[in-house]
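To start, the structure itself, in structure tokens.
For clarity, every value in this text was computed on a predicted model and none was experimentally measured. Chain A is the first sequence line, chain B the second, and so forth, proteins listed ahead of strands; every chain is numbered from 1. All values below come from the heavy atoms of this structure, side chains included, with hydrogens, waters and symmetry mates left out.
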Amino acid sequence: MIGALAVCAAISILVTIGIVIALLVPSLQFFGEVSPVEFFTSTDWAPLFKPASFGVLPLIVGTLNTTLWACLVCLPLGLATAIYLSEYAHPRARAVIKPVLEVLAGIPTVVLGYFALTFLTPLLRDLGWQVEIFNAFSAGIIIGVLLLPTVASLSEDAMKAVPSALREGSFGLGANRFQVSTRVVVPAAISGIAASFVLAISRAIGETTIVLIAAGQLPQTTMRPGSTVETMTAFIAATGAGDVPVGSISYKTIFAVGLTLFVITFVLNIFAIRMVRRFREVYE
Amino acid sequence: MNGANRTATAAAQRSVRDALTGRQHRSITATVFMVFIMASTAVGLIALAVLLFTVLQDGLPYLDPVLFENGPSMDPNIAGARPAIMASILMAVVLVATALPVAIGTAVYLEEFAPKDRWWIRLIELNIQNLAAIPSIIFGILGLAFLVRGIGLGPVLLAGALILGLQMLPTVIIATREALRAVPDTVRQGGMALGATRLQVVRREVLPAAIPGIATGSILGLSRAIGETAPLLMVGAATFVSFNPGLLTQYTVLPILIYQWIRLPQEAFQGLAAAAIIVLLAILISMNGVAIWMRNRFERKW
């Protein structure tokens, strides 16, 4: 019986090993045919055309483009929401706001993509900003809205873990709530807050459905918010959903781009996990 | 330097005077800050309200019996979501039968039986935390490489369900571990003092006590899986499936159908997409309602 339970625990390791093998083997074949130098330095991405060209930079810049707007929304607003919930809000207000934000975090991404495409983009155009129908800005902003509750909840956890003696000591010295929040609680919780930021960045980079619906599929090396772009995730999903023949070079590009995405998010995740450990060690 | 000193002295004098006169130390900055954080909190709430309003406004006119009775069609007047709704429900059943037992088993092992100081246990824990943050599209690649093409399962519902199952493992494992940790050690010690084995204690005392937390976490993981789109695109969920799905047939689920409808040019399909979104949200909200009800009804304070 205990053996069966241990087997369950081993499955999670097998999943990671499976992911690494699934990405690595076709990627190695890919880099046998396309030089890594071309892959990482060329600025032309046209793997399905003839002659094909395999520069991943447009996809990476496209990803940065949407991620930037997402971060501009979710990092400051998430942190501010966390400070409000942890330091200012009446318990009764908190008891209402927290579950509502959890609902927001649970909205399927396909719904948020619909919202970006049919509400936000037309709204921006009505306001006189001539963005493309598919644009990085709308997708990014809505990803930011999706991740706002994540940042808020993780940062609030970090702030709640700050011992109240620190707050009381500083109130006792005559500090007001603003000073206690910004000069005592936030610095004391900084590693947990930073972890929530890094995790949000990682999730923004990996978000697929929203960018696929609202940011388009046109690889362009641009940071202009109103432009159509293609992110790494959108390329993988669009190509994987199409009928590419197994073993062809276009099939293998899915895995090469997937490996790039995996390495980026993996590094960010490990970084975030270590920072969370640090704040736990200090206060628990 | 002189100027800085003077400012500091003036600030100190002011705060001593305020303290002695009992006047509350307020500043414009503090007020502005408070307004800012309250407005920031409101952004999330308003976004949710506008989103729900938009979806209802777009979708309600298209929410009719046809949506629940018919299969897909290029004619928006007779297009429906029946096969997709059926497949989403079947998917949930498969997930409950496959992924949940594995996730709960993992959590029970790690929390109750595993030798916690061993490096390989720490590796498993780190691995689960990392899996929880891996982009869902990567799980799609895993499914494409191993299930659909590798062992030749093809683009069938079972392949999609297995991938969503692997993806929801970390969520359920982490929630279940928290629920088990909340059961106090005195329960375990009491059981063992009466001569029960570790396994008996876990099965008859600890697990029943942790059920509300486990159920809440399971439903959370399940509702995320039901709303997932990207990995299923990779493992070949099709658009035009007009028959009721089985485990080894082609399938489409609600999020995939919504995605495909959004991409069609006719305006009527946008409305149909919104109507299907209402159905999807109704399913998810009722699942979460059950979770909240269970938490309130069965949760014990120790």
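- Per-residue counts of heavy-atom pairs under 4.5 Å with chain A were compared for B:I134, B:I104, B:V108; the largest is that of B:I134.
- Contacts of A:Y88 with chain B are made by side-chain atoms alone, with heavy-atom separations under 4.5 Å and no backbone atom involved.
- No part of A:T239 comes within reach of chain B, as not one of its non-hydrogen atoms sits under 4.5 angstrom from that chain.
- For the set B:V235, B:V148, B:L110, B:L144, the count of heavy-atom pairs under 4.5 angstrom toward chain A peaks at B:L144.
- The closest side-chain heavy-atom distance from B:F33 to A:I83 is below 4.5 Å.
- Within a 6.0 Å sphere centred on CZ of A:F271, other residues, nucleotides and ligands contribute 12 heavy atoms or fewer.
- Using a 4.5 Å cut-off between heavy atoms, A:I11 touches chain B through its side chain atoms alone.
- When each of B:L220, B:L233, B:L280, B:L281 is scored by its heavy-atom pairs under 4.5 Å with chain A, the top score falls to B:L233.
- Interface with chain A: from residues 165-175 of chain B, residues B:L166, B:L169 qualify, criterion being any non-hydrogen pair under 4.5 Å.
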Give every donor-acceptor pair under 3.5 Å between a side-chain atom in residues 40-47 of chain B and any protein atom, sequence neighbours left out.
residue	atom	partner	partner atom	Å
B:S40	OG	B:F36	O	2.9
B:T41	OG1	B:I37	O	2.8

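- Crowding of B:R177 atom CZ: a count of heavy atoms from other residues, nucleotides or ligands under 6.0 Å exceeding 12.
- Interface summary for chain B: among A:T118, A:I205, A:I97, A:L199, the most heavy-atom pairs under 4.5 angstrom belong to A:I97.
- For B:I124, the parts lying near chain A are the backbone and the side chain together; criterion is any non-hydrogen pair under 4.5 Å.
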Output a table of donor-acceptor pairs, distance under 3.5 Å, between side-chain atoms of residues 102-116 of chain A and any protein atom two or more places apart or on a different chain; print 'none' if there are none.
residue	atom	partner	partner atom	Å
A:T109	OG1	A:T209	OG1	3.3
A:Y114	OH	B:D58	OD2	2.7

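- Only the side chain of B:T54 comes within less than 4.5 Å of a heavy atom of chain A; its backbone N, CA, C and O stay farther away.
- Chain B forms the most heavy-atom pairs under 4.5 Å with one residue out of A:L148, A:I236, A:V100, and that residue is A:I236.
- Looking at A:T16, A:T265, A:N269 one by one, the single match for side-chain hydrogen bond (donor to acceptor under 3.5 Å, both in side chains) with B:N130 turns out to be A:N269.
- Between B:T106 and A:L5 there is no side-chain heavy-atom pair separated by less than 4.5 Å.
- Between A:I254 and B:M234 the shortest heavy-atom distance is CG2-CE, 3.9 Å.
- Per-residue heavy-atom pair counts under 4.5 Å with chain A were compared for B:I262, B:L284, B:I128, B:I285, and the maximum is reached by B:I262.
- Interatomic distance, B:I137 CD1 to A:L261 CG, rounded to the nearest 0.5 Å: 8.5 Å.
- Once rounded to the nearest 0.5 Å, the distance linking CZ of A:F266 with CD1 of B:I138 reads 12.0 Å.
- Using a 4.5 Å cut-off between heavy atoms, B:F113 contacts chain A through its side chain alone, with no backbone atom that close.
- Taking CZ of A:R177 as the reference point, atom CE of B:M34 lies at 9.5 Å (rounded to 0.5 Å).
- Here CG of A:L117 is found 6.5 Å from CD of B:Q270. Values are rounded to the nearest 0.5 Å.
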(message) The test is side chain to side chain contact (heavy atoms under 4.5 Å, CB included); show your working for A:Y251 and B:R149 and say whether it passes.
(response) CA-CA 12 Å; A:Y251 180 72; B:R149 304 259 160 107; 3.0 Å; yes
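- Options A:G78, A:A4, A:A80, A:A10 differ in how many heavy-atom pairs under 4.5 Å they form with chain B, and the most are formed by A:A80.
- A:I13 touches chain B through backbone and side chain together, each having a heavy atom under 4.5 Å away.
- Ranked by heavy-atom pairs shorter than 4.5 Å toward chain A, the options B:L142, B:V55, B:L52, B:V202 are led by B:L142.
- Rounding to the nearest 0.5 Å gives a distance of 11.5 Å between OG of A:S12 and CD of B:Q129.
- Residue A:I142 does not touch chain B at all, counting heavy-atom pairs closer than 4.5 Å.
- Around atom CE of B:M38, no more than 12 heavy atoms belonging to other residues, nucleotides or ligands sit under 6.0 Å away.
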(request) Check step by step if side chain to side chain contact (heavy atoms under 4.5 Å, CB included) holds for A:V7 and B:Y109. (result) CA-CA 9 Å; A:V7 168; B:Y109 178 73; over 6 Å; no
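- In this structure, the portion of A:V145 lying under 4.5 Å from any heavy atom of chain B is its side chain and not its backbone.
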Please tabulate, for the side chains in residues 18-26 of chain A, all donor-acceptor contacts under 3.5 angstrom to protein atoms that are two or more places apart in sequence or on a different chain.
none

